[in-house]
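Working notes for the structure below.
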Amino acid sequence: MQEALALAARAVGVSEPNPRVGCVIVTADGARELGRGHTQAAGQAHAEIMALRDAGARGADVRGATAFVTLEPCAHHGRTGPCCDALAAAGIGRVVASVTDPNPLVAGQGFARLRAAGVAVETGPGANESRALNIGFFSRMVRGVPWVRLKIAASIDGQTALENGRSQWITGEAARADGHAWRARAGAVLTGIGTVLEDDPRLDVRLAPVGRQPPLVVVDSRLQTPPGAALFRVERPVWIYAAGEDAPARAALERAGAHVTQLPGPGGKVDLAALLKDLAGRGVNELHVEAGFKLNGSLLREGLVDEFLLYFAPKLLGAGRGMVNIGPLAGLDEAVPLDFTGVEPIGPDLRVLATVRGRGFP
C-alpha cells in the first residue's frame with residue numbers, strides 16, 4: 001500500500017477535481033508486481049485502469065491477483081467507466097483499499113459490486129494517509145466546500161510587511177519555492193483586491209513542477225481589478241467575485257478573460273461562505289489563499305479557514321502589518337485555537353502547518 005500511496009502523490013496537481021489515487025497490482029502471494037498506475041487528468045484513466053494497462057503492457061496475467069488501491073474503486077459512469085467493473089472483468093481476485101470513497105455516487109457501491117462479482121474486499125491500510133492526501137476531495141464531498149488553506153509568510157514576530165506595505169522578500173528562496181509547490185496542489189488560488197492593487201501579482205506556479213496552472217479567484221467587491229493586471233498574463237481561468245454590479249467594469253474584465261460572479265453579502269462585501277460553495281460546484285477541492293490581513297481576518301472570523309500554512313523568517317520587523325485582522329479581542333478565551341500538525345525548516349526559514357482546532361478531517 002505504501003507504493004500505491006506514493007503513486008497517488010504523483011497525481012497531485014494532475015487529477016483535479018478527481019481524487020489522487022494510486023494502484024498497484026501484485027500476484028496473489030504478493031511476491032511479484034504486475035502493474036501500477038495513478039489517476040490521470042480529469043476525463044482520462046483512473047489509477048486502476050492505468051495499473052491494468054501497465055500489467056497488459058508487461059504481458060502479465062492478473063487473474064486471481066490482488067489490487068492495492070488507495071481509494072474505493074468508483075462505481076459510476078462519469079467521464080470514464082466504473083473501475084470496480086473493470087477490475088472484476090479483468091479477473092482480479094482481491095482488492096485492498098485504504099478508504100471508502102466519500103462521493104455519494106460511490107460511497108460503498110464500488111465495494112458492493114466487487115463482492116457481488118466474487119472479488120474479496122479488504123479496507124483500512126493507509127486510510128489516514130489517503131484521507132490526508134485527498135483532504136480537499138473529502139471536504140467537498142462531505143461538507144460541500146473546499147478545504148481552505150491560508151498561506152502566510154511573516155517575520156518571527158508575525159509581520160507580513162513593513163508599515164509602508166513592502167514585503168518582498170521576508171522569507172527566502174527555498175520557502176518561496178515550497179509555497180509554489182503548495183499552490184500547484186491546489187484546486188484554485190484565492191486572493192483579494194487589496195493584494196491585486198498593491199502588489200500586481202501573477203499568483204501562478206513558477207518555482208515548482210505543475211501539470212496545469214490552478215485557476216485564480218479574486219475577491220473584488222467593487223470590480224476594481226485592472227483589466228491590464230499581471231494576473232491576466234497567465235493561461236488559466238480567472239474567477240472574480242463581486243458584491244455590486246458595474247456593467248462597464250464587468251465588460252472590461254470579461255474581455256480580459258475573467259468570469260465574473262455576483263455574490264453580494266452584508267455591508268457591501270462578497271458573501272464568502274457562498275463563494276466557497278460556488279467553488280465547490282466548480283470542482284475545487286483545496287483552496288489556497290494568499291491574501292492580505294483584512295481578507296485573511298474575514299475568512300477566519302466567518303469560520304471558513306481550515307488550515308494555516310505559515311512560513312516564519314528568522315528576523316524581527318517590529319511595527320508592520322500583521323497576519324490576520326481579527327481583533328481586538330476582549331479576552332484570551334476568544335483566541336482562535338490551533339493544532340500544530342507539522343513544523344519543518346525550509347532553508348533558513350521555518351514552515352508551520354496548523355489546523356483550526358475542531359476542523360480536522362471532514
Side-chain angles (χ1 to χ4, degrees), residues 1-26 30 33 35-42 44-52 54 66-76 78 80 82-84 86-87 92 94-115 119-143 145-147 149 181-182 184-187 211 280 283-287 306-307 339 341-342 353 355 359-362:
M1 187 60 76
Q2 290 305 310
E3 288 293 322
L5 288 165
L7 285 167
R10 296 185 187 178
V12 171
V14 174
S15 65
E16 304 296 324
N18 294 330
R20 300 140 181 176
V21 183
C23 179
V24 177
I25 301 174
V26 300
E33 179 182 295
R36 56 169 48 208
H38 64 75
T39 307
Q40 302 298 296
Q44 298 181 28
H46 291 186
E48 299 91 331
I49 304 304
M50 294 298 294
L52 288 171
D54 185 40
T66 297
F68 288 87
V69 59
T70 60
L71 189 70
E72 175 186 7
C74 66
H76 64 293
T80 60
C83 291
C84 62
L87 291 171
I92 294 292
R94 182 170 70 118
V95 170
V96 181
S98 294
V99 66
T100 301
D101 190 332
N103 187 339
L105 297 175
V106 185
Q109 295 181 61
F111 292 150
R113 282 163 65 163
L114 285 167
R115 291 187 175 106
V119 180
V121 175
E122 299 175 22
T123 61
N128 288 339
E129 295 93 331
S130 180
R131 288 172 67 92
L133 191 61
N134 288 294
I135 188 68
F137 181 73
F138 274 80
S139 177
R140 182 166 65 90
M141 290 297 144
V142 175
R143 305 187 306 180
V145 293
W147 180 261
R149 182 179 294 115
W182 284 90
R185 69 171 280 160
V284 175
N285 294 327
E286 294 181 20
L287 182 63
D306 298 301
E307 184 178 23
D339 292 316
T341 58
L353 287 168
T355 56
R359 305 299 276 194
F361 286 133

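The basis for the numbers below is simple: all heavy atoms, side chains too, and nothing from hydrogens, waters or symmetry mates.
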(Q) Test side-chain contact (heavy atoms from CB on, under 4.5 Å) on Asp306 and Arg143; report intermediate values, then the result. (A) CA-CA 12 Å; Asp306 298 301; Arg143 305 187 306 180; 2.9 Å; yes
Q) Any donor-acceptor pair under 3.5 Å linking the side chain of Ser139 with the backbone of Val145? A) yes
(Q) For Glu72 versus Gly110, what's the shortest heavy-atom pair and its separation? (A) OE2-N, 2.8 Å
Q.
Can you see whether Phe138 has Arg131 sitting over its ring - NZ or CZ less than 6.0 Å from the centre and within 45° of the normal?
A. yes
**Q.** N/O donor-acceptor pair under 3.5 Å between Arg36 side chain and Glu3 backbone
**A.** no
Q.
Using modelled atom types and a 3.5 Å cut-off, is there a donor and acceptor pairing between side-chain atoms of Gln40 and backbone atoms of His38?
A. yes
(Q) I need the minimum non-hydrogen distance between Ala8 and Arg20, along with the two atoms involved. (A) O-CB, 3.5 Å
Q.
Assess the residue pair Arg140 and Val284 against the criterion (side-chain contact (heavy atoms from CB on, under 4.5 Å)); give the C-alpha distance rounded to whole Å, side-chain angles, the decisive distance to 0.1 Å, and a yes or no.
A. CA-CA 8 Å; Arg140 182 166 65 90; Val284 175; 5.8 Å; no
Q: Using the side-chain contact (heavy atoms from CB on, under 4.5 Å) rule, pick out the option among Val142, Asn103, Asn18 that qualifies with Phe137.
A: Asn103
Q) Can you list the steps and then say if His46 with Val21 is a side-chain contact (heavy atoms from CB on, under 4.5 Å)? A) CA-CA 8 Å; His46 291 186; Val21 183; over 6 Å; no
Q) Is a donor on one side and an acceptor on the other found under 3.5 Å between the side chain of Thr70 and the backbone of Gly22? A) yes
Q: Taking the side chain as every heavy atom from C-beta outward, state whether Arg149 and Ile135 have any atom pair closer than 4.5 Å.
A: yes
Q) How far does OG1 of Thr66 sit from CD of Glu122, to the nearest 0.5 angstrom? A) 8.0 Å
Q: Can you see which heavy atom on Glu307 is nearest to which on Thr341, and at what distance?
A: OE2-OG1, 4.5 Å
Q: Taking all heavy atoms of Arg113 and all of Cys84, pick out the closest pair and write down the distance.
A: NE-SG, 3.8 Å
Q: Could you tell me the separation between the SG atom of Cys83 and the CG atom of Leu71, rounded to the nearest 0.5 Å?
A: 10.0 Å
Q) What's the spacing between Ile92 CD1 and Cys23 SG if we round to 0.5 Å? A) 7.5 Å
Q. Taking the side chain as C-beta and beyond, is there a heavy-atom pair between Ser98 and Glu129 under 4.5 Å?
A. no
(Q) Working note: Trp147 + Thr355, criterion side-chain contact (heavy atoms from CB on, under 4.5 Å); need CA distance, chi angles, decisive distance, verdict. (A) CA-CA 11 Å; Trp147 180 261; Thr355 56; 4.2 Å; yes
Q. Hey, what do you get for CD (Glu16) to OG1 (Thr39), rounding to the nearest 0.5 Å?
A. 10.5 Å
Q. Considering all heavy atoms of both residues, which atom of Ala86 and which atom of Ile49 are nearest to each other, and what is their separation?
A. CB-CD1, 3.5 Å
**Q.** Spacing of CG belonging to Leu5 relative to CG belonging to Leu133, to within rounding of 0.5 Å
**A.** 7.5 Å
Q.
Once rounded to the nearest 0.5 Å, what's the spacing between atom CG of Leu87 and atom CG of Leu52?
A. 5.5 Å
Q | Least distance between heavy atoms, Pro17 atom then Asn285 atom | A | O-ND2, 2.9 Å
